[in-house]
Amino acid sequence: METIVLKLGGSVLFEPGGELNSDIVSKWLSVLVDLTQHAKIIVVVGGGRPARKYISWGRNLHLNEYECDELGIQVSRLNAYLLLAALKHRVSNTQIRIYGSIPKSPIEVYEIKDDYDVIFVGGFIPGQSTVGVAAEVAELSGARVLAIGTDVNGIFDKDPKIYSDAKKFDLIMVDELINAFLRGSEFAGTYTLFDIQSLKLIKRSKLSVLVFNANNPEIAKNVILAFLRGNIEHVVKYASMIVV
Ligand code: UTP
């Protein structure tokens, strides 16, 4: 069975006020159960609002950037554990094999990946984001696809939350994103989505990347399943696809 790496940003898990968005989380847990019928899933969970709060508290207390990143990592791992424990309550171990802790390194993921259907991951080391983690994990687990859930319907030429005429890219070459980064004119939204390091990993390991709105888990699931079935027309209708 093939492996999908799914990154769920913290913006999906938490409401603007900071509360857990239990409705979306619950829907995502059902989607994960459905997806395990088709692939092994490595879910990389972001830090979201709680991470940003801790980081600002850290700055107030004069922590350095490394220490602030460490706070973000701990929070993303905590979020990952919340989803892990919640999924364990939904399914029996014979139904879906869920790895019972949050791996501390990419190599730990590599060592256990064949024995589990679902593995939850948070941050690893300071100086990157959980998208970097997702690209790393996708490369070493031999995944063909990296699915990135965010709060807009894909990658746009400008911020769709501000500009109503923003145009979604259906398909976009990874080199186009890398060049935009190097020119310092990254497309709206992609700055927070990708860093140059993750784009390079995507390129060298020839990953297909799907960027979709994770606020509707059912549509997101259908985008992922459409990709697995080779129905790219459906994928680009509801998401953006980065190709190498
Ligand atoms: P993210 O910024 O990746 O979380 O990690 P997120 O919630 O998905 O972000 P959004 O929703 O896309 O905005 C939280 C913080 O944890 C630290 C960084 O400080 C990051 O901003 N972190 C995370 C690391 O330093 N290393 C990691 O490997 C992961």
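Nothing fancy with the numbering, it's 1 onward along the sequence.
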Apply the test salt bridge (Lys or Arg N to Asp or Glu O under 4.0 Å) to residues Asp157 and Lys167: give CA-CA distance (whole Å), side-chain angles for both, the deciding distance (0.1 Å), then the verdict. CA-CA 6 Å; Asp157 61 348; Lys167 179 182 155 291; 5.9 Å; no
Residues Val121, Val43; criterion side chain to side chain contact (heavy atoms under 4.5 Å, CB included); working and verdict: CA-CA 6 Å; Val121 177; Val43 190; over 6 Å; no
When you check the side-chain N and O atoms of Arg49 and Ser11, is any donor under 3.5 Å from an acceptor? no
Is there a path of hydrophobic side-chain contacts, each under 4.5 Å between heavy atoms, that joins Leu146 and Ile232? no
Do Lys113 and Tyr110 form a cation-pi contact, if we require the NZ or CZ to be under 6.0 Å from the six-membered ring centre and within 45 degrees of the ring's axis? yes
Check against side chain to side chain contact (heavy atoms under 4.5 Å, CB included), Phe194 and Ile202: CA-CA 10 Å; Phe194 297 104; Ile202 288 164; 3.9 Å; yes
Give the ring-plane orientation class for Trp57 versus Tyr54, where under 30° counts as parallel, over 60° as perpendicular and anything between as tilted. perpendicular
Grab the two heavy atoms, one from Pro103 and one from Phe120, that are nearest each other, plus how far apart they are. CD-O, 3.1 Å
Got Leu20 and Glu15 here, is their nearest side-chain heavy-atom distance under 4.5 Å? no
Minimum heavy-atom separation for Leu29 to Ala86, with atom names? CD1-CB, 3.6 Å
So if you build clusters from Ile, Leu, Val, Met, Phe, Trp, Tyr with side-chain heavy-atom gaps below 4.5 Å, do Val12 and Ile219 land together? yes
Nearest heavy-atom pair of Gly122 and Thr130: which atoms, and what distance? C-CG2, 4.4 Å
With Lys168 as the cation and Phe156 as the aromatic partner, state whether NZ or CZ is under 6.0 Å from the six-membered ring centre and within 45° of the axis. no
Answer with yes or no whether the side chains of Arg90 and Ser26 bring together a donor and an acceptor at under 3.5 Å. yes
Hydrogens and angles aside, do Ser198 and Asp195 bring a side-chain donor and acceptor to less than 3.5 Å of each other? yes
